[in-house]
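These values consider heavy atoms only, across backbone and side chains, with no hydrogens, waters or symmetry-generated copies. Every number for a ligand or one of its atoms is a count from 1 in the order of the listing. Not measured: the values here are computed from a predicted model. Index from 1, following the sequence.
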Amino acid sequence: MIHYTDSISNISAQQLSGFFVGWRRSVSPSEHLEILRGSDHVVLALDDCTNQAVGFITVITDGVIAAYMPLLEVLPEYQGRGIGTELVRRALDKLQKMHMIDVICDPDVQAFYARLGMVPWTGMIIRR
Ligand SMILES: CC(C)(COP(=O)(O)OP(=O)(O)OC[C@H]1O[C@@H](n2cnc3c(N)ncnc32)[C@H](O)[C@@H]1OP(=O)(O)O)[C@@H](O)C(=O)NCCC(=O)NCCS
């Protein structure tokens, strides 16, 4: 069974293995925990059988007008079960009052976000 939480007070780095698949810059589980702690909102999906995180989303916001969802990932073996959808749905729920909600994603993920009410846009970035 998968359950969802927006509290990371009881989450340890040991529960955060296997993420950042395919990233050029590796992110260790302890850095992952720092990322979660540094975010304004977090939702985690946890597998009750293993007590491991299997998906997460982070949100950074000014709390008034704008929010950005920098990271969303579901472990490969858990994809296609509705977990990503539920993570985004719960994050958007926390952002109902925001005028701007932004995501940067590859073209092949646009259809996923479109199903959740988001529209394509243009932007500028730096990646190091
Ligand atoms: C994108 C991601 C979070 C989706 O998570 P998921 O748990 O597999 O998604 P869901 O099971 O909720 O999928 C919901 C629907 O979106 C579709 N979908 C999932 N990933 C998709 C993708 N990359 N492109 C297009 N559609 C996608 C599914 O087919 C499903 O459609 P269906 O209900 O008609 O079958 C997951 O594939 C992932 O972690 N990918 C690697 C990291 C990534 O790309 N993150 C986004 C960064 S912005």
**Request:** Could you tell me whether Gly82 and ligand 1 have an N or O pair separated by under 3.5 Å?
**Result:** yes
**Fill in**
Logged contact type for Tyr113 with ligand 1, heavy-atom cut-off 4.0 Å, is side chain
**Item:** Sub-4.0 Å atoms of ligand 1 with respect to non-hydrogen atoms of Ile104
**Value:** 48 (S)
**Fill in**
ligand 1 to Cys105, heavy atom cutoff 4.0 Å, flagged ligand atoms 48 (S)
**Item:** Heavy atom of Asp106, distance to ligand 1 below 4.0 Å
**Value:** no
**Request:** Please say whether more than 12 non-hydrogen atoms of neighbouring residues, nucleotides or ligands are located less than 6.0 Å from CD1 in Ile126.
**Result:** no
**Request:** Mind listing the closest non-hydrogen atom pair of His41 and Leu95 along with its distance?
**Result:** CD2-CD2, 4.1 Å
**Subset of ligand 1 atoms that lie under 4.0 Å from at least one heavy atom of Gly80** = 6 (P), 7 (O), 8 (O), 11 (O)
**Request:** Starting from atom 33 (O) of ligand 1, locate the nearest protein heavy atom and write down its residue, its atom name and how far away it is, to 0.1 Å.
**Result:** Arg115 NH2, 3.1 Å
**Request:** Considering heavy atoms of the protein only, find what lies nearest to atom 12 (O) of ligand 1 and give residue, atom and distance to 0.1 Å.
**Result:** Thr85 OG1, 2.5 Å
**Message:** Is it the case that the side chain of Thr61 and the backbone of Ala66 share a donor-acceptor pair, with hydrogens and angles ignored and the cut-off at 3.5 Å?
**Reply:** yes
**Fill in**
among protein heavy atoms, the one nearest atom 16 (O) of ligand 1 is Phe112 CD1, 3.4 Å
**Message:** Please determine whether side chain to side chain contact (heavy atoms under 4.5 Å, CB included) holds for the pair Leu72 and Tyr113, giving the CA-CA distance in whole Å, both sets of side-chain angles, and the decisive distance to 0.1 Å.
**Reply:** CA-CA 11 Å; Leu72 166 69; Tyr113 286 111; 3.3 Å; yes
**Request:** May I ask you to decide if Ala53's main-chain N or O and Gln15's side chain share a donor-acceptor pair within less than 3.5 Å?
**Result:** no
**Prompt:** How close does the nearest protein non-hydrogen atom get to atom 47 (C) of ligand 1, and which residue and atom is it?
**Reply:** Leu72 O, 3.8 Å
**Message:** Just checking His99: does its NE2 atom have more than 12 heavy atoms from other residues, nucleotides or ligands closer to it than 6.0 angstrom?
**Reply:** no
**Request:** Consider every N or O of Gly84 and every N or O of ligand 1, then say whether any pair is closer than 3.5 Å.
**Result:** yes
**Request:** Please report which non-hydrogen protein atom sits nearest to atom 1 (C) of ligand 1, along with the residue it belongs to and the distance in Å to one decimal place.
**Result:** Val109 CG1, 4.0 Å
**Request:** Answer whether the closest heavy-atom distance between the side chains of Asn10 and Thr5 falls below 4.5 Å.
**Result:** no
**Item:** Phe20 and Phe56 aromatic ring geometry - parallel, tilted or perpendicular at 30°/60° bounds
**Value:** tilted
**Message:** Geometry only, no angles: is Val103 polar-contacting ligand 1 at N/O separations under 3.5 Å?
**Reply:** no
**Message:** Could you check whether atom 8 (O) of ligand 1 has a protein contact, counting only heavy atoms that fall below 4.0 angstrom?
**Reply:** yes
**Prompt:** Does the side chain of Arg127 reach to within under 4.5 Å of the side chain of Ile104, using non-hydrogen atoms?
**Reply:** yes
**Request:** Look only at the side chain of Gln110 and the backbone of Cys105, and say whether a donor-acceptor pair between them is shorter than 3.5 Å.
**Result:** no
**Message:** Starting from atom 40 (N) of ligand 1, what is the nearest protein heavy atom, named by residue and atom, and what distance separates them?
**Reply:** Gln79 NE2, 3.7 Å
**Fill in**
The closest protein heavy-atom partner of atom 22 (C) of ligand 1 is Asp108 O, 3.4 Å
**Prompt:** Does an N or O from Glu73, backbone or side chain, lie closer than 3.5 Å to an N or O of ligand 1?
**Reply:** no
**Asked** Looking at side-chain heavy atoms only, is the closest gap between Phe112 and Val88 below 4.5 Å?
**Response** yes
**Request:** Give yes or no for whether the N/O distance cutoff of 3.5 Å, strictly under, is met between Ala111 and ligand 1.
**Result:** no
**Request:** Enumerate the residue pairs fulfilling salt bridge (Lys or Arg N to Asp or Glu O under 4.0 Å) with a member in residues 87-107, sequence neighbours excluded, ordered by first and then second residue.
**Result:** Asp6-Lys94, Glu86-Arg89, Glu86-Arg90
**Complete:** So the atoms of ligand 1 within less than 4.0 Å of a heavy atom of Arg81 turn out to be 11 (O)
**Asked** How about atom 35 (O) of ligand 1: does it have a protein heavy atom within less than 4.0 Å?
**Response** no
**Request:** Scan the protein's non-hydrogen atoms and note whether one is under 4.0 Å from atom 38 (C) of ligand 1.
**Result:** yes
**Request:** May I ask you to test the Val54-Val74 pair for a side-chain heavy-atom distance under 4.5 Å?
**Result:** no
**Message:** I'd like to check whether Tyr78 has a polar contact with ligand 1, where a contact means an N/O of the residue lying under 3.5 Å from an N/O of the ligand.
**Reply:** no
